[in-house]
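One structure is given below, encoded as structure tokens.
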Amino acid sequence: MNVGEIITRIRLEIDNDLTDAQIIGRMNELQKRLFRKLKFPEKIYKFTTTEISYYALPADCPEDRIRCVVIDDIEYTKVSPEVQNPPPYFCTAFLGSLYINTNPLKTETTIPAGKDAYLYYRNRPVALGLSDLNAVPTLPEDYHELFVYDAAAWIAGGIQRDIDMKNNFQAEYDAIFKDAYVDLKKMGLKRAKETMIW
């Protein structure tokens with residue numbers, strides 16, 4: 001569902017006088033909470049290396065959620081800029097830029113350019129706004145009803161003071177959240193398990 005469709009669903013669930021901006025504000029708050037609580041799969045951002053080792057980060061990439069960069073099957077682990085003795089292959093982020101130590105042995109005078117690089121990170125939600133009601137929230141679409149039931153519970157409990165309706169909406173929200181928590185926790189975390197020793 002896009003933002004406009006979610007707002008329509010909220011108004012169908014519970015009659016209210018809130019503006020679209022107020023409802024979108026609540027949706028943005030929920031996105032932030034969900035991205036702190038749920039484990040979303042890593043995103044991969046592909047870019048090409050240049051002779052300058054500093055690169056702009058994607059808009060949805062926070063500096064603290066970068067895992068690594070992979071170039072030519074070599075993993076450049078992300079370290080904090082304060083680390084005194086970093087590993088030979090590392091990357092770091094500061095001031096909205098990504099630095100990659102692509103020449104750890106200092107055997108060349110220039111950094112290899114034109115290589116495919118892959119940035120692995122956990123994204124942050126893109127802020128929703130009134131200017132684009134066709135925008136789709138960053139949350140996987142299977143769980144967009146979380147926006148509907150969170151807003152409905154908020155309106156019923158916090159604004160209309162109808163505790164029974166709030167509890168009903170909260171129960172719907174909790175059931176969907178539980179499914180999302182279980183499903184997203186498993187996504188991308190499959191590991192090989194040793195079952196037999198020869």
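Below, each value reflects all heavy atoms present in this structure, side chains not excepted, and no hydrogens, waters or symmetry copies.
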Can you find a heavy atom in the side chain of Phe40 that is under 4.5 Å from one in the side chain of Thr138? no
Going through the distances and angles, do Arg9 and Glu13 end up as a salt bridge (Lys or Arg N to Asp or Glu O under 4.0 Å)? CA-CA 6 Å; Arg9 279 285 310 280; Glu13 290 289 339; 3.6 Å; yes
Worked check of side-chain contact (heavy atoms from CB on, under 4.5 Å) between Arg67 and Glu42: CA-CA 9 Å; Arg67 185 173 61 84; Glu42 287 184 336; 2.6 Å; yes
I'd like to know whether Asp20 forms a salt bridge (Lys or Arg N to Asp or Glu O under 4.0 Å) with Arg11, so could you lay out the CA-CA distance, the side-chain angles of the two residues, the decisive distance to 0.1 Å, and finally the verdict. CA-CA 10 Å; Asp20 289 352; Arg11 293 193 193 287; 2.7 Å; yes
Are Val182 and Tyr149 grouped together when hydrophobic residues (ILVMFWY) are joined by side-chain heavy atoms under 4.5 angstrom apart? no
Test His144 against every option in Ile176, Leu139, Val3, Asn2 by the side chain to side chain contact (heavy atoms under 4.5 Å, CB included) rule and name the one that passes. Leu139
Can you get from Ile10 to Val136 by hopping between Ile, Leu, Val, Met, Phe, Trp and Tyr side chains that sit under 4.5 Å apart? no
Residue pair Ser53, Asn101: steps toward the side-chain contact (heavy atoms from CB on, under 4.5 Å) verdict: CA-CA 7 Å; Ser53 294; Asn101 185 34; over 6 Å; no
What is the ring orientation for Tyr99 with Phe90, classed by angle as parallel under 30°, tilted 30 to 60°, or perpendicular over 60°? tilted
Between Tyr143 and Asp179, is there a side-chain donor-acceptor contact under 3.5 Å, judged purely by atom types and distance? no
For side-chain contact (heavy atoms from CB on, under 4.5 Å), just list the numbers for Asp116 and Thr49, CA-CA rounded to whole Å, side-chain angles, deciding distance to a tenth of an Å, and then say yes or no. CA-CA 7 Å; Asp116 287 337; Thr49 59; over 6 Å; no
Under 4.5 Å between side-chain heavy atoms, hopping through other hydrophobics if needed: is there a path connecting Leu133 to Leu12? no
Members sharing Tyr118's hydrophobic cluster (side chains within less than 4.5 Å): Ile44, Val70, Tyr120
Verify the cluster assignment for Leu184 and Val126: are they in a single hydrophobic cluster under the rule of side-chain heavy atoms below 4.5 Å apart? no
Cys61 vs Leu119, side-chain contact (heavy atoms from CB on, under 4.5 Å): CA-CA, chis, key distance, verdict: CA-CA 10 Å; Cys61 178; Leu119 172 64; 4.1 Å; yes
Begin from the C-alpha positions of Arg65 and Asn123 and carry the test side-chain hydrogen bond (donor to acceptor under 3.5 Å, both in side chains) through to its verdict. CA-CA 7 Å; Arg65 300 191 76 176; Asn123 62 322; over 6 Å; no
Please answer: with hydrophobic residues joined when any side-chain heavy atoms are less than 4.5 Å apart, are Met165 and Ile163 in the same cluster? no
Pairwise side chain to side chain donor-acceptor pair (under 3.5 Å) hits with a residue in residues 162-171, at least two apart: Gln170-Asp174
In Å, rounded to the nearest 0.5 Å, how long is the span from CD1 of Ile24 to CZ of Phe147? 11.0 Å
Report the distance from atom CZ of Arg122 to atom CZ of Arg124, rounding to the nearest 0.5 Å. 15.5 Å
Would the distance check show the side chain of Glu141 and the main-chain N or O of Met1 forming a donor-acceptor pair, the cut-off being under 3.5 Å? yes
Can you tell me how far the CD1 atom of Ile155 sits from the CG atom of Asn16, to the nearest 0.5 Å? 4.0 Å
Rounded to the nearest 0.5 Å, what separation is found between the CD1 atom of Ile6 and the CG atom of Leu146? 10.0 Å
Should the pair Tyr89 and Tyr76 be assigned to parallel (<30°), tilted (30 to 60°) or perpendicular (>60°) ring geometry? perpendicular
Any side-chain to backbone donor/acceptor pair from Asp72 onto Ile74? Under 3.5 Å, distance only. no
In terms of heavy-atom contacts, does OH of Tyr181 have more than 12 from other residues, nucleotides or ligands at under 6.0 Å? no
For Tyr45 and Tyr121, I'd like to know if the aromatic rings sit close, meaning centre-to-centre distance below 6.0 Å. no
Measuring from Trp154:CH2 to Ile159:CD1, what's the distance to the nearest 0.5 Å? 4.5 Å
